[in-house]
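Before any comments, here is the structure.
Each ligand, and each atom within it, is numbered from 1 in the order the structure gives. All values reported here derive from a predicted model rather than from experimental measurement.
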Amino acid sequence: MTNFVLFGKPGAGKGTQAAFLKTKYNLVHISTGDLFRYNIKNETELGTLAKSFMDRGDLVPDQVTIDMLEAEVDRNPQAHGFIFDGFPRTESQAAALDVFLAIKEMNITATVALEADDDILVARLLERGKSSGRTDDQDESKIRNRFEEYNQKTAPLKKYYEGQNKFHSINGIGSIEEITERLTQLIDRL
Ligand code: AMP
């Protein structure tokens, strides 16, 4: 089984690249952001809980997120592997994921961070916000808060996965195709 984690600040292109990787490597793509948005759209209890955090650009509490992620993995028992997009975002999520996968005799194969400058990402997100309807993409202060959350809580995961020899990063600036090429070259060398 091959399981990848895609890191990167909001707007770095995780979702776009995951869509290519899932086809190329026959993986199931799990985006916790998409799962939360699905729950919000369907007005579930989980959606109501997540909405206030997401609207502010804050992270949703760990346990809620971990439970949702684990349920989604369990819904795909036939999977050849997973691409985790937007998860883990904190050390406790990363530790929970390791424990959860170990129980299933699975593990993380590698993690890849898509690197890009904040100013480029803000411009991308504001542009995306015009068509996506995502309110968290339409307000620069919310976007900057999401970056702050990333810097404080997610960036330390670099050390966590470096400690396991599983951290990689690539330049996330360029055309979609160029970045896909960088990613697949890296993955094929693993
Ligand atoms: P994304 O679509 O990955 O940019 O996520 C959108 C929002 O969903 C984030 O700003 C958080 O509020 C929430 N979210 C997504 N994934 C997580 C996670 N792993 N932990 C906590 N909150 C998350």
Side-chain angles (χ1 to χ4, degrees), residues 3-22 28-75 82-101 108 111-116 118 120-158 160-161 167 172 179:
N3 299 301
F4 296 118
V5 171
L6 278 185
F7 286 119
K9 287 182 184 163
K14 301 185 294 294
T16 306
Q17 295 302 330
F20 285 105
L21 297 181
K22 83 169 191 189
V28 172
H29 171 204
I30 299 185
S31 154
T32 41
D34 285 350
L35 289 172
F36 283 132
R37 282 184 289 278
Y38 176 87
N39 277 279
I40 291 172
K41 198 168 140 225
N42 290 284
E43 298 179 346
T44 67
E45 207 175 309
L46 175 61
T48 309
L49 194 156
K51 190 173 186 319
S52 57
F53 294 96
M54 290 175 73
D55 280 347
R56 288 192 299 271
D58 290 341
L59 293 187
V60 178
D62 279 334
Q63 202 53 53
V64 176
T65 310
I66 291 164
D67 290 348
M68 177 180 75
L69 184 280
E70 294 184 356
E72 194 61 21
V73 170
D74 284 339
R75 248 196 293 279
F82 294 90
I83 306 175
F84 298 109
D85 156 8
F87 186 97
R89 264 174 154 104
T90 65
E91 280 211 35
S92 75
Q93 291 180 16
L97 182 61
D98 276 347
V99 171
F100 175 71
L101 293 180
I108 294 296
T111 72
V112 187
L114 304 176
E115 309 280 3
D118 286 8
I120 291 178
L121 296 178
V122 170
R124 273 192 198 169
L125 288 170
L126 289 171
E127 194 54 40
R128 179 171 85 182
K130 288 182 195 164
S131 53
S132 71
R134 281 182 60 172
T135 50
D136 60 346
D137 284 347
Q138 290 168 356
D139 174 332
E140 184 163 344
S141 68
K142 286 181 190 175
I143 292 174
R144 298 268 177 203
N145 185 45
R146 285 154 71 200
F147 291 174
E148 200 46 44
E149 288 280 77
Y150 190 91
N151 290 337
Q152 280 180 20
K153 299 173 183 169
T154 310
L157 292 180
K158 177 172 192 257
Y160 182 92
Y161 286 107
F167 185 85
I179 297 160

Just the distances, no angles: every ligand 1 N or O to protein N or O pair closer than 3.5 Å, one line each.
{"unit_1": "ligand 1", "atom_1": "2 (O)", "unit_2": "Arg37", "atom_2": "NH1", "d": "2.9"}
{"unit_1": "ligand 1", "atom_1": "2 (O)", "unit_2": "Arg37", "atom_2": "NH2", "d": "2.9"}
{"unit_1": "ligand 1", "atom_1": "3 (O)", "unit_2": "Arg89", "atom_2": "NH1", "d": "3.1"}
{"unit_1": "ligand 1", "atom_1": "3 (O)", "unit_2": "Arg89", "atom_2": "NH2", "d": "3.1"}
{"unit_1": "ligand 1", "atom_1": "4 (O)", "unit_2": "Arg89", "atom_2": "NH2", "d": "3.4"}
{"unit_1": "ligand 1", "atom_1": "12 (O)", "unit_2": "Asp58", "atom_2": "O", "d": "2.6"}
{"unit_1": "ligand 1", "atom_1": "16 (N)", "unit_2": "Thr32", "atom_2": "OG1", "d": "2.8"}
{"unit_1": "ligand 1", "atom_1": "16 (N)", "unit_2": "Gly86", "atom_2": "O", "d": "3.4"}
{"unit_1": "ligand 1", "atom_1": "16 (N)", "unit_2": "Arg89", "atom_2": "NH1", "d": "2.9"}
{"unit_1": "ligand 1", "atom_1": "19 (N)", "unit_2": "Gly86", "atom_2": "O", "d": "2.8"}
{"unit_1": "ligand 1", "atom_1": "19 (N)", "unit_2": "Gln93", "atom_2": "OE1", "d": "2.9"}
{"unit_1": "ligand 1", "atom_1": "20 (N)", "unit_2": "Gln93", "atom_2": "NE2", "d": "2.9"}
{"unit_1": "ligand 1", "atom_1": "22 (N)", "unit_2": "Val60", "atom_2": "N", "d": "3.0"}

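Thr44 is not listed as a side-chain neighbour of Tyr38, based on a closest heavy-atom distance of 4.5 Å or more.
Across Val73, Thr32, Leu6, a single residue satisfies side-chain contact (heavy atoms from CB on, under 4.5 Å) together with Phe84, and that is Val73.
Residues passing the salt bridge (charged side-chain N to carboxylate O under 4.0 Å, His left out) test with Asp55, sequence neighbours excluded: Lys51. Listed by chain and number, the residues in a ring-ring contact (aromatic ring centres under 6.0 Å, His included) with Tyr161 are Phe7 (sequence neighbours excluded). The side-chain contact (heavy atoms from CB on, under 4.5 Å) search around Leu35 returns Ile30, Met68, Glu72, not counting sequence neighbours.
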Residue pair Asp34, Lys41: steps toward the salt bridge (charged side-chain N to carboxylate O under 4.0 Å, His left out) verdict: CA-CA 10 Å; Asp34 285 350; Lys41 198 168 140 225; over 6 Å; no
